[in-house]
**Student:** 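One structure, as structure tokens, below. Some questions next.
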Amino acid sequence: MTKIAMIGAGSVVFVKNLLTDILSLPALKQCEIALYDIDAERLETAGMMARWTSSQFDAGATVTEHANRRRCLEGADFVINMVQIGMHEATLLDFEIPSRYGLKQTIADTVGIGGIFRGLRTIPFMVDLVGDMRAVCPDALLMNYTNPMSILTWAVYRAFPEQQVVGLCHNVQHTARDLASYLGVDRSRLSYDCAGINHMTWFLRLEIDGKDAYPQLRRAARNPEIFAQDKIRFALLEHLGRFVSESSEHTAEYTPYFLRREDQIAEFDVPVDEYIRRSERNLRRYAETRQKLLAGESFPLERSDEYGASIINGMVTNEPQLIYGNVRNTGLIENLPQDCCVEVPVIVDRNGLRACHAGTLPPELAAHCAPHVFVQDLTVRAALEGDRDAVYRAAVLDRHAASVLSLREIRAMVDDLIAAHGPAMPAGIRSAALAA
């Protein structure tokens with residue numbers, strides 16, 4: 001029986017989405033689903049949701065709930081990580097403290113100051129999680145859904161080079177859907193090749209029925225109604241020549257061009273503090289979901305376009321699957337640093353995951369990604385080595401922060417964030433002695 005451990009199962013709606021994908025596949029119907037969360041109520045809610053979902057597919061899945069992480073992981077074949085360390089309260093700190101310094105953010109979970117600090121407080125958890133996996137399920141594949149994707153996946157393979165790990169995101173799939181809409185075609189007619197880093201993966205080739213679709217996309221961008229739906233990505237298309245894989249609201253904070261001044265924010269309709277609103281909505285959605293479960297109500301069941309189920313099915317059945325995954329750069333993208341975390345096509349079957357060689361990015365696209373790669377590297381080093389100076393260096397190299405704040409302001413902001421997050425920071429980083 002295939003055993004799938006879900007870590008951070010209190011993300012109940014996401015659990016339902018993943019289990020809908022998994023339990024709808026014949027080869028996975030009678031799998032074991034082991035759930036872990038530190039919040040007892042959320043863990044109970046996840047268990048109710050998992051059993052309800054299994055019943056809807058007549059899957060006969062075995063569902064177990066665990067307050068002990070090692071017990072959850074024992075004998076697992078696949079481990080899905082979806083934790084959010086610090087939850088809503090930590091998210092508020094990541095926004096409110098930079099805002100005092102005049103630094104605006106939209107999502108703050110991938111790169112930038114918010115991404116750095118979400119990474120710093122999550123890497124210790126990742127190290128502990130993989131340490132447990134090495135002890136009780138050393139051959140399991142770790143599928144990481146938690147942001148900051150590149151930072152966390154990189155931290156895992158740097159700390160545990162022998163661990164099978166892939167970072168999973170839906171940015172490529174969702175962008176393909178968006179592009180099909182802008183081009184006015186069914187998504188099945190699109191074909192594409194993508195490569196880059198997470199949330200900055202570029203559609204290097206984009207075709208409709210085998211013909212280059214970029215001329216048509218550029219014409220579509222001149223339509224005011226279409227342009228208004230995705231202003232920032234269309235602006236980058238105009239200036240860099242390719243379409244990027246993450247939404248305009250995310251992409252706004254990855255560059256110096258859209259959040260530095262109020263006129264830029266207004267021109268590009270940038271939703272400042274968007275993730276705070278999402279986080280509040282997620283809290284309400286969880287409460288509503290729990291009440292519906294307790295009342296015996298039902299939920300819509302629709303397959304998602306997440307890759308998790310495809311990976312598991314491919315490895316169990318040996319039916320080849322093509323995904324986009326975040327993996328170690330072993331020369332896969334030749335003009336990004338060796339060993340950084342890149343997002344490229346990956347073939348999956350019983351032999352495991354085999355990342356595809358993507359070659360060389362156009363220099364302007366590599367140059368867009370590269371500054372973030374070095375910030376990610378410094379953040380990983382900071383957490384694994386307890387190096388507070390590396391946090392300062394990561395922050396001053398962030399493209400958005402450097403476009404708004406001085407060196408002294410960035411350093412002071414970092415000190416405030418470290419103090420505010422306190423025990424969530426790796427021990428060496430929260431030590432004031434290292435700041436001298």
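Values reported hereafter were calculated over all heavy atoms of this structure, with side chains retained and with hydrogens, waters and symmetry mates removed. The model shown is predicted, which means the values in this text are computed figures rather than measured ones.
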**Student:** Is the shortest distance from a Lys or Arg side-chain nitrogen in Asp132 or Arg71 to a carboxylate oxygen in the other one below 4.0 Å?
**Tutor:**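 Salt bridge between Asp132 and Arg71, a charged N being under 4.0 Å from a carboxylate O: no.
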
**Student:** Between OG1 of Thr255 and CE of Met200, what distance do you get to the nearest 0.5 Å?
**Tutor:**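 Interatomic distance, Thr255 OG1 to Met200 CE, rounded to 0.5 Å: 10.0 Å.
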
**Student:** State whether a side-chain donor-acceptor pair under 3.5 Å links His400 with Glu253.
**Tutor:**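 The answer is no; no qualifying pair exists.
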
**Student:** Just how far is it from atom CD1 of Ile311 to atom CG of Leu141, taken to the nearest 0.5 Å?
**Tutor:**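 Going from the CD1 atom of Ile311 to the CG atom of Leu141 covers 6.5 Å.
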
**Student:** Under the salt bridge (Lys or Arg N to Asp or Glu O under 4.0 Å) rule, collect the residues that match up with Asp339, sequence neighbours excluded.
**Tutor:**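 Salt bridge (Lys or Arg N to Asp or Glu O under 4.0 Å) check on Asp339 returns Arg328.
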
**Student:** Does atom CD of Glu162 have more than 12 heavy-atom neighbours, drawn from other residues, nucleotides or ligands, at distances under 6.0 Å?
**Tutor:**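 Atom CD in Glu162 is packed in, count exceeds 12.
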
**Student:** Any heavy-atom pair between the side chains of Val83 and Asn81 that's under 4.5 Å?
**Tutor:**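 Contact flag for Asn81/Val83 side chains = yes.
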
**Student:** Quick one: which residue pairs count as a salt bridge (charged side-chain N to carboxylate O under 4.0 Å, His left out) with a foot in residues 82-91, not counting sequence neighbours?
**Tutor:**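 Salt bridge (charged side-chain N to carboxylate O under 4.0 Å, His left out) check on residues 82-91 returns no pairs.
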
**Student:** If you measure from CG on Leu120 to CE on Met425, what distance do you get to the nearest 0.5 Å?
**Tutor:**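 Taking CG in Leu120 and CE in Met425, the distance rounds to 5.0 Å.
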
**Student:** Quick check: do Cys72 and Ile7 have side-chain heavy atoms less than 4.5 Å from each other?
**Tutor:**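 They are in contact (side-chain heavy atoms under 4.5 Å apart), so the answer is yes.
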
**Student:** Could I get the full list of salt bridge (Lys or Arg N to Asp or Glu O under 4.0 Å) partners for Arg42, not counting sequence neighbours?
**Tutor:**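 By the salt bridge (Lys or Arg N to Asp or Glu O under 4.0 Å) rule, Arg42 matches no residue at all.
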
**Student:** If you count heavy atoms of other groups shown closer than 6.0 angstrom to CD of Gln30, is the number above 12?
**Tutor:**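 For Gln30, atom CD is not crowded (no more than 12 foreign heavy atoms under 6.0 Å).
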
**Student:** CG of Leu283: more than 12 outside heavy atoms within 6.0 angstrom?
**Tutor:**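 Yes, enclosed.
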
**Student:** Using the test side-chain hydrogen bond (donor to acceptor under 3.5 Å, both in side chains), find all partners of Tyr275 that sit at least two apart in sequence or belong to another chain.
**Tutor:**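 Tyr275 satisfies side-chain hydrogen bond (donor to acceptor under 3.5 Å, both in side chains) with no other residue.
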
**Student:** Going by heavy atoms in the side chains, are Phe78 and Val316 under 4.5 Å from each other?
**Tutor:**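 The answer is yes; the side chains approach within 4.5 Å.
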
**Student:** Do Asp178 and Arg233 sit within salt-bridge range, that is, some charged N less than 4.0 Å from a carboxylate O?
**Tutor:**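 Looking at Asp178 and Arg233, the cut-off is met.
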
**Student:** Once salt bridge (charged side-chain N to carboxylate O under 4.0 Å, His left out) is applied, what residue pairs with a partner in residues 56-66 remain, sequence neighbours excluded?
**Tutor:**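 Every salt bridge (charged side-chain N to carboxylate O under 4.0 Å, His left out) pair that includes a residue of residues 56-66, provided the two are not neighbours, is Arg51-Glu65.
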
**Student:** Hydrogens and angles aside, do His174 and Asp305 bring a side-chain donor and acceptor to less than 3.5 Å of each other?
**Tutor:**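 Short answer, yes.
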
**Student:** When the aromatic ring centroids of Tyr257 and Phe268 are compared, is their separation below 6.0 Å?
**Tutor:**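 Between Phe268 and Tyr257, which both carry aromatic rings, the centre distance is not below 6.0 Å.
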
**Student:** Between Glu288 and Arg290, does any NZ, NE, NH1 or NH2 come within less than 4.0 Å of an OD or OE carboxylate oxygen?
**Tutor:**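 Glu288 and Arg290: not salt-bridged.
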
**Student:** So which pairs with a foot in residues 184-217 pass ring pair (Phe, Tyr, Trp, His ring centres under 6.0 Å), sequence neighbours left out?
**Tutor:**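 Every ring pair (Phe, Tyr, Trp, His ring centres under 6.0 Å) pair that includes a residue of residues 184-217, provided the two are not neighbours, is Tyr192-Phe203, His199-His250, Trp202-His368.
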
**Student:** Please enumerate all residues that pass side-chain hydrogen bond (donor to acceptor under 3.5 Å, both in side chains) together with Asp186, with sequence neighbours excluded.
**Tutor:**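 Once residues adjacent in sequence are excluded, the partners of Asp186 under the side-chain hydrogen bond (donor to acceptor under 3.5 Å, both in side chains) criterion are Ser188.
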
**Student:** Is Asp37 salt-bridged to Arg69, cutoff N-O under 4.0 Å?
**Tutor:**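 Looking at Arg69 together with Asp37, the answer is no, because their closest N to O distance does not fall below 4.0 Å.
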
**Student:** Looking only at side chains, do Gln84 and Thr91 share a donor and an acceptor under 3.5 Å apart?
**Tutor:**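 The criterion, which ignores hydrogens and geometry beyond distance, is satisfied for Thr91 and Gln84.
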
**Student:** With sequence neighbours left out, write down each residue that passes salt bridge (Lys or Arg N to Asp or Glu O under 4.0 Å) with Asp209, or none if nothing qualifies.
**Tutor:**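 In terms of salt bridge (Lys or Arg N to Asp or Glu O under 4.0 Å), with neighbours along the sequence ignored, Asp209 is linked to Arg189.
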
**Student:** Got a salt bridge between Arg205 and Asp212, using NZ or NE/NH1/NH2 to carboxylate O under 4.0 Å?
**Tutor:**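 So Arg205 does not pair with Asp212 through a salt bridge.
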
**Student:** When rounded to the nearest 0.5 angstrom, what distance separates CD1 in Ile33 from CD1 in Ile22?
**Tutor:**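 Here the rounded value is 5.0 Å.
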
**Student:** Can Asp139 and Gln164 be counted as having a side-chain donor-acceptor contact under 3.5 angstrom?
**Tutor:**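 Looking only at side-chain atoms, Gln164 and Asp139 do not form any donor-acceptor pair under 3.5 Å.
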
**Student:** Do Asn17 and Ser304 meet the criterion of a side-chain donor-acceptor pair at a distance under 3.5 Å?
**Tutor:**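 Judged by distance alone, the side chains do not pair up.
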
**Student:** Do Lys104 and Glu262 meet the salt-bridge criterion of a basic N to acidic O distance under 4.0 Å?
**Tutor:**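 Salt bridge: yes.
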
**Student:** Just verifying a value: how many Å separate Phe95 CZ and Leu103 CG, rounded to the nearest 0.5 Å?
**Tutor:**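 Reported to 0.5 Å precision, the distance equals 10.5 Å.
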
**Student:** Return each pair, listed once, that meets salt bridge (charged side-chain N to carboxylate O under 4.0 Å, His left out) where at least one residue sits in residues 236-248; pairs must be two or more places apart or across chains.
**Tutor:**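 Counting only pairs at least two positions apart or across chains, no salt bridge (charged side-chain N to carboxylate O under 4.0 Å, His left out) contact touches residues 236-248.
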
**Student:** Return yes when atom CD of Glu225 has more than 12 non-hydrogen atoms of other residues, nucleotides or ligands closer than 6.0 Å, and no otherwise.
**Tutor:**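 Check fails, neighbour count at 12 or below.
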
**Student:** Could you pull out all residues at least two apart from Arg277 that satisfy salt bridge (Lys or Arg N to Asp or Glu O under 4.0 Å)?
**Tutor:**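 Scan of Arg277 (salt bridge (Lys or Arg N to Asp or Glu O under 4.0 Å), adjacent residues dropped) gives Glu274.
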
**Student:** Can you tell me how far CG of Asp128 sits from CD1 of Ile123, rounded to the nearest 0.5 angstrom?
**Tutor:**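 Answer rounded to 0.5 Å: 12.0 Å.
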
**Student:** Sequence neighbours excluded, which residues qualify as side-chain hydrogen bond (donor to acceptor under 3.5 Å, both in side chains) partners of Arg187?
**Tutor:**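 side-chain hydrogen bond (donor to acceptor under 3.5 Å, both in side chains) list for Arg187, sorted by chain: empty.
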
**Student:** Keeping to residues at least two apart or across chains, list the salt bridge (charged side-chain N to carboxylate O under 4.0 Å, His left out) pairs with something in residues 7-30.
**Tutor:**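 Matches after skipping sequence neighbours: Asp21-Arg303.
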
